[in-house]
Amino acid sequence: MRAAWAGLLLAVCFTLCTAGGALTQPPDQHTTVLHLSQTAETSVLRDLLRIELRVEETGADPLAIQTAINRRMAAALDRAHQVQGVQVETGTYSVGEERLQNGPSRWRGTQSLILKSKAADAALKLAGMLQSDGLLMSSMAYQASPDTVRGAEEDLTAEALAALDRRAASVAGHMHLAVLRYRDLHVGNAETEGRPIPRFAAAAMAAPVAEPGEATIRVTVEAELLLGAARP
């Protein structure tokens, strides 16, 4: 009886060990890993205008400079908030001492005012009025709005995936293999190309003129695929 039980336990142990060994076996060694990257892109009209102006003051008294900046910025904000369709925010505020080689030191203070709008005419007109009030132009540029970028993202993702699938099948065919499955996939977010932001001299006082142009939006997908002999 003991011999029979020992034989049964040995058989069970052998079966489990064999099954466990099968589970730990590496995948089919006759596969090829293919790494691919595919990008889809489209051009869209830049539909958001961003304008940055600044209040700037210099003098010997830092407190007087800050008081003047605060007064002028409050007036600029009051004017800007009266224009519909323009998003307004303040930016960097700084006051620092400048030491001159031939003369007494002085203090310079500045604070920026940022305008964003899809209604470009209204934003440009407001920028011109603020320049007439003494604000200086720092930069101005069109860009694709977040809504526009998100709207293109899904279509570009589908286009990039379809192109990657076709390319993988083509590569496999040239190697007399077939695509077995995707092993790993990375889908990037929609990105827009950058371009230099026009800068303006401190003395520029003319009302700005701008043309939006087009932006390129792109989505890139990367994948690892397994290639192997075609299944019957």
Side-chain angles (χ1 to χ4, degrees), residues 41-98 106-156 189-219:
E41 61 181 40
T42 188
S43 294
V44 299
L45 188 69
R46 291 185 173 93
D47 58 344
L48 181 65
L49 178 60
R50 183 185 187 278
I51 301 174
E52 183 172 343
L53 303 105
R54 69 186 185 278
V55 172
E56 192 170 293
E57 292 282 343
T58 59
D61 184 353
L63 180 58
I65 287 175
Q66 293 178 60
T67 300
I69 289 176
N70 294 343
R71 173 180 51 78
R72 293 177 60 195
M73 182 57 70
L77 288 171
D78 183 63
R79 181 186 283 272
H81 285 145
Q82 295 177 31
V83 179
Q84 296 293 324
V86 178
Q87 178 184 338
V88 183
E89 62 183 87
T90 56
T92 305
Y93 191 142
S94 64
V95 178
E97 187 177 14
E98 296 179 340
R106 66 178 183 181
W107 290 80
R108 179 182 298 274
T110 182
Q111 184 177 16
S112 62
L113 176 66
I114 300 168
L115 311 176
K116 296 180 183 178
S117 181
K118 291 185 177 182
D121 290 343
L124 291 170
K125 183 177 179 180
L126 172 60
M129 291 189 295
L130 292 173
Q131 284 181 288
S132 297
D133 293 339
L135 272 70
L136 302 176
M137 179 71 76
S138 294
S139 65
M140 178 176 66
Y142 276 97
Q143 61 193 46
S145 67
D147 290 342
T148 297
V149 175
R150 284 193 297 268
E153 187 173 64
E154 185 173 350
D155 290 341
L156 289 174
N189 295 324
E191 299 177 346
T192 57
E193 66 176 0
R195 71 174 183 178
I197 298 177
R199 298 281 174 179
F200 297 83
M205 293 295 291
V209 177
E211 180 68 26
E214 292 187 337
T216 299
I217 302 177
R218 58 177 57 91
V219 169

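Values below: every heavy atom of this structure, side chains too, minus hydrogens, waters and symmetry copies.
Closest non-hydrogen pair, L53 versus Q131, comes out as CD2-CG, 3.8 Å. Nearest heavy-atom pair, S145 versus D47, reported as atom, atom and distance to 0.1 Å: N-OD1, 2.8 Å. Scanning both residues, G134 and R72, for their nearest heavy atoms gives O-NH2, 2.9 Å. In this structure, V83 and A122 approach most closely via the heavy-atom pair CG1-CB, 4.2 Å. Looking at every heavy atom in both residues, S117 comes nearest to G85 through OG-O, 2.6 Å. Residues G59 and I65 share a closest heavy-atom pair of N-CD1, 3.4 Å.
Counting heavy atoms from C-beta on, the side chains of L124 and M140 come closer than 4.5 Å. Put simply, the side chain of I51 does not reach to within 4.5 Å of the side chain of L126, judged on heavy atoms. Looking at heavy atoms from C-beta onward, L115 lies in side-chain contact with V88 at the 4.5 angstrom threshold. A heavy-atom distance below 4.5 Å is not found between the side chains of L156 and R218. Counting heavy atoms from C-beta outward, E211 and Y142 have side chains that stay 4.5 Å or more apart. Taking the side chain as every heavy atom from C-beta outward, E57 and V95 never approach each other to under 4.5 Å.
For K125, the NZ atom counts as loosely surrounded, since its 6.0 Å shell holds 12 or fewer non-hydrogen atoms of other residues, nucleotides or ligands. Counted within 6.0 Å of CD on E191, heavy atoms from surrounding residues, nucleotides or ligands total 12 or fewer; the atom is thus considered open. Taking a 6.0 Å sphere around CD of Q84, one finds it holds 12 or fewer heavy atoms contributed by other residues, nucleotides or ligands. For E89, the CD atom is densely surrounded, since the number of other residues' heavy atoms within 6.0 Å is greater than 12.
A distance of 13.0 Å separates CZ of R108 from CD of E97, quoted to the nearest 0.5 Å. Rounded to the nearest 0.5 Å, atoms CG (L136) and OG1 (T110) are 8.0 Å apart. To the nearest 0.5 angstrom, L49 atom CG is 8.5 Å from Q143 atom CD.
In terms of modelled atom types and a separation under 3.5 Å, the side chain of R50 and the main chain of S139 share no donor-acceptor contact. The closest donor-acceptor contact from the side chain of R46 to the backbone of E214 lies under 3.5 Å. In this structure a side-chain-to-backbone donor-acceptor pair under 3.5 Å is missing from D78 to A74. With hydrogens and angles ignored, the 3.5 Å screen pairs no side-chain donor or acceptor of R79 with any backbone N or O of D133. Between the side chain of T90 and the backbone N or O of L113 there is no donor-acceptor pair closer than 3.5 Å. Formation of a donor-acceptor pair under 3.5 Å by the Q87 side chain with backbone atoms of K116 is not found in this model.
R54 and S138 share a donor-acceptor pair across their side chains, judged by distance under 3.5 Å alone.
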